[in-house]
Amino acid sequence: MPDKPIDQPGPRPRADEPAEIRPVDPVLSDVKFLTVAEVAAVMRVSKMTVYRMVHAAELPAVRVGRSFRVPEKAVHDYLRDAFIEAG
């Protein structure tokens with residue numbers, strides 16, 4: 001029985017060839033991302049508090065390199081859901 005070939009990526013483009021351009025998802029192109037510092041400023045908490053919320057999955061985030069980006073809508077949704085009316 002022959003072995004199945006291992007899936008390997010296609011050939012890499014040469015430096016003088018343009019890379020493949022994929023169409024941008026219109027839904028993702030409308031998303032505005034905030035840095036941890038911007039989220040901390042909006043929520044008036046420390047950056048460490050934002051990092052804790054991200055790591056505890058209380059606030060969704062995308063990792064970009066060594067930093068995080070948080071969708072702006074997620075911050076507004078979190079604040080709206082956390083809002084309580086005092087009696």
Side-chain angles (χ1 to χ4, degrees):
M1 175 159 81
D3 291 336
K4 292 174 83 176
I6 298 174
D7 290 334
Q8 295 184 5
R12 295 177 68 182
R14 293 183 6 212
D16 59 342
E17 292 179 358
E20 177 186 352
I21 298 175
R22 293 184 281 166
V24 176
D25 184 352
V27 175
L28 289 177
S29 64
D30 293 338
V31 176
K32 182 176 179 197
F33 290 96
L34 303 175
T35 64
V36 169
E38 290 170 330
V39 173
V42 168
M43 297 179 74
R44 301 190 70 136
V45 298
S46 70
K47 291 192 303 184
M48 184 55 66
T49 298
V50 177
Y51 282 118
R52 286 183 187 126
M53 294 171 70
V54 167
H55 287 291
E58 294 177 33
L59 199 58
V62 176
R63 185 132 195 170
V64 180
R66 293 180 59 193
S67 61
F68 288 99
R69 297 291 185 268
V70 179
E72 184 177 40
K73 184 177 181 328
V75 175
H76 294 294
D77 291 346
Y78 179 87
L79 291 173
R80 184 192 64 234
D81 295 343
F83 186 83
I84 60 169
E85 288 196 34

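Along the sequence shown, the residues carry numbers beginning at 1. Every heavy atom of this structure was used, including side-chain atoms; hydrogens, water molecules and symmetry mates were not.
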| message | Under 4.5 Å between side-chain heavy atoms, counting indirect links through other Ile/Leu/Val/Met/Phe/Trp/Tyr residues: same cluster for Phe68 and Val64 or not? | response | no
| task | Indicate if Tyr78 and Val54 have the same hydrophobic cluster label, given that clusters are the connected sets of ILVMFWY residues with side-chain heavy-atom separations under 4.5 angstrom. | result | yes
| query | Nearest heavy-atom pair of Val70 and Ala61: which atoms, and what distance? | reply | CG2-CB, 4.0 Å
| request: Would you please name every residue forming a side-chain contact (heavy atoms from CB on, under 4.5 Å) with Ala41, sequence neighbours left out? | output: none
| message | If the condition is side-chain contact (heavy atoms from CB on, under 4.5 Å), which residues does His76 pass it with, not counting sequence neighbours? | response | Glu72
| task | With sequence neighbours excluded, give me every side-chain hydrogen bond (donor to acceptor under 3.5 Å, both in side chains) pair touching residues 54-67. | result | Ser67-Arg69
| request: Determine the minimum heavy-atom distance between Lys47 and Val36, stating which atoms define it. | output: O-CG1, 3.8 Å
| Leu34 with Val45, same ILVMFWY side-chain cluster at under 4.5 Å | yes
| note | For Lys73, the side-chain hydrogen bond (donor to acceptor under 3.5 Å, both in side chains) test, sequence neighbours excluded, returns Asp77
| Nearest non-hydrogen partners of Pro60 and Pro71, listed with the distance | O-CD, 3.5 Å
| field | Joint hydrophobic cluster, Val31 plus Val39, side-chain heavy atoms closer than 4.5 Å | value | no
| field | Hphob cluster co-occupancy, Val42 + Met53, side-chain heavy atoms under 4.5 angstrom | value | yes
| query | Any chance CZ of Arg44 has more than 12 other-residue heavy atoms, nucleotides or ligands included, within less than 6.0 Å? | reply | no
